[in-house]
Number of protein chains: 2
Amino acid sequence: MQDRRPPTGESLLFLTDDQLLQGIELMFFAYRGFTSDPDKILQNYTYGRAHHRAIHFVHRQPGTTVNNLLDILGVTKQSLNRVLRQLVNDGLIESRVGERDRRERHLYLTPEGVALESKLSETQRKRMRAAYKAAGPDAVQGFRQVMEHIMDPAMRRHVNTVKRD
Amino acid sequence: MQDRRPPTGESLLFLTDDQLLQGIELMFFAYRGFTSDPDKILQNYTYGRAHHRAIHFVHRQPGTTVNNLLDILGVTKQSLNRVLRQLVNDGLIESRVGERDRRERHLYLTPEGVALESKLSETQRKRMRAAYKAAGPDAVQGFRQVMEHIMDPAMRRHVNTVKRD
DNA sequence: CAATTTATGTCAGTCTTGTTGACTTTCCAA
DNA sequence: TTGGAAAGTCAACAAGACTGACATAAATTG
């Protein structure tokens, strides 16, 4: 027996292959726009997207260890080490030996690191702000819910929590 | 659940730096999850993410030209040409000389190309389907709105339109 | 205390995918 | 018809991922 009802209802339509295809392409194009502004700035440095990511998460979690950063970024330690070495040598990140466990290195942004972080994140915040404003609070709530379900569950704990006053 | 606050609260809260930072990190982690499944499959081939993107958009727009694909993908023609050459040599994409303008190449997936496209997109559709289902139709609508505003406006016309029967 | 594990760093080599530069073929307009 | 623009191709290089092997120091375990 075949159900001949067309999927007109909103509750069914949002799971058609067309909708899913649209979602896939939204991810592609939105991510490209999202990374384009910082990329332009980074071209003036010897840095790339990998450096931006390291700077971002060290800023968000000052004192984080290399291992924690590896978990967040999902790259190999050799890959991360290359960018950290450069950023430490260039004086944007400070690496302090751990007090409790002296094998660990705790990472902090220097004032120069903070300056670059601001410059980079400013462009992305501006883009997000414009998108949020145009879409409205309810849409933002929906955006958040879908995005959290797209990511791997283990990564959710790394996403910034919003302070509710 | 949407918290109902006095006008100043609700209409401003979703534009705090905390919210914007959260949005930035949602983009990062969601995109990483989104690309992880196809990446795993592609490891068994000599192909990478660039090949996936080419296959995806040739599938979506059979007969598209190299130039149109360049506009969509936002890479240099030399970069795109390399992956197209491989895919044509391997018999996944067919390149036909244009009839009206013989400088153009029109691109089509072969049956083998269609097979790989299905295999790759299946994993992404599955992830999107699960996320959409978990978040619900209203959230999906909000997701779509925010994503369309994050991307560069010129790219919106390349996003799949949903057939409403 | 010796052996093992953990955290980090480094060297070497490979792969994908971006880049620029130089080139051919084709079309079109002066 | 000829010179420029457009579409596509080939070659060489660079960034940033990867794996594998190895080193060092510190913590943990038997």
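By convention in this document, chain letters (A, B, ...) are assigned in the order of the sequence lines, proteins followed by strands, and residues within each chain are numbered from 1. Because only heavy atoms are used, hydrogens play no part in the values below, and waters and symmetry mates are left out as well, while side chains stay in.
Of the residues in residues 58-67 of chain B, those placing a heavy atom less than 4.0 Å from an atom of DNA chain D are B:V66, B:N67, in numerical order. Contacts between residues 96-110 of chain B and DNA chain C, defined by a heavy-atom separation under 4.0 Å, are made by B:D101, B:R102, B:R103. Sorted by residue number, the members of residues 81-95 of chain A with any non-hydrogen atom under 4.0 Å from DNA chain C read A:N81, A:R85.
One interatomic measurement links the two molecules: CG of A:L70 to C1' of C:dT8, which rounds to 9 Å at whole-angstrom precision. Between B:H52 atom NE2 and C:dT17 atom P the separation is 12 Å, expressed in whole Å. As rounded to whole Å, 14 Å separates atom C1' of C:dA7 from atom CG of A:L69. When the P atom of C:dT6 is taken as reference, atom CG of A:D71 falls 16 Å away, rounded to whole Å. In this structure, CG of B:L80 is placed 17 Å from C1' of D:dA11, rounded to the nearest angstrom. The nearest whole Å value for the distance from the CZ atom in A:R32 to the P atom in C:dT17 is 15 Å. Per the geometry, CZ belonging to B:R53 stands 11 Å off C1' belonging to C:dT16, to the nearest Å.
Side-chain contact between A:L69 and A:V66 is absent, with no heavy atoms from C-beta onward closer than 4.5 Å. Residues B:V140 and B:P137 form no side-chain contact, since every pair of their non-hydrogen atoms from C-beta on lies 4.5 Å or further apart. Looking only at side-chain heavy atoms (C-beta outward), B:D71 and B:M155 come within less than 4.5 Å of each other. Within the 4.5 Å cutoff, the side chain of A:D18 has no heavy atoms near those of the A:Q22 side chain. The closest side-chain heavy-atom distance from A:E94 to A:L107 is not below 4.5 Å. Side-chain atoms of A:L73 and A:L80, non-hydrogen and from C-beta on, do get closer than 4.5 Å to each other.
At D:dC18, one or more side-chain N or O atoms of A:T76 fall inside 4.0 Å of OP1 or OP2 (strictly under the cut-off). Between A:R49 and C:dT17, a side-chain N or O to OP1/OP2 separation shorter than 4.0 Å is absent.
In terms of position on DNA chain D, the residue among A:A50 and A:K77 whose nearest nucleotide sits closer to the 5' end is A:A50.
A cation-pi geometry, defined here as NZ or CZ lying under 6.0 Å from the six-membered ring centre and within 45° of its normal, holds between A:R96 and A:Y108.
The aromatic rings of A:H56 and A:H52 lie perpendicular to each other, with more than 60° between the two planes, well past the 30° mark.
Side-chain atoms of B:Q78 come within donor-acceptor range of the base of C:dG21, with a qualifying N/O pair under 3.5 Å.
Across all non-hydrogen atoms, the minimal contact from A:G91 to A:T110 is O-OG1, 2.6 Å.
Shown are B:K126, B:R49, B:R127; of these, the salt bridge (Lys or Arg N to Asp or Glu O under 4.0 Å) with B:D37 is made only by B:R127. Screening B:Y31, B:F29, B:F143, B:F34 for a side chain to side chain contact (heavy atoms under 4.5 Å, CB included) involving A:M147 leaves a single residue, B:F143.
Backbone-only contact: A:H51 has heavy atoms under 4.0 Å from sugar-phosphate atoms and none from a base.
In this structure, a donor-acceptor pair under 3.5 Å is absent between the side chains of B:E25 and A:H158.
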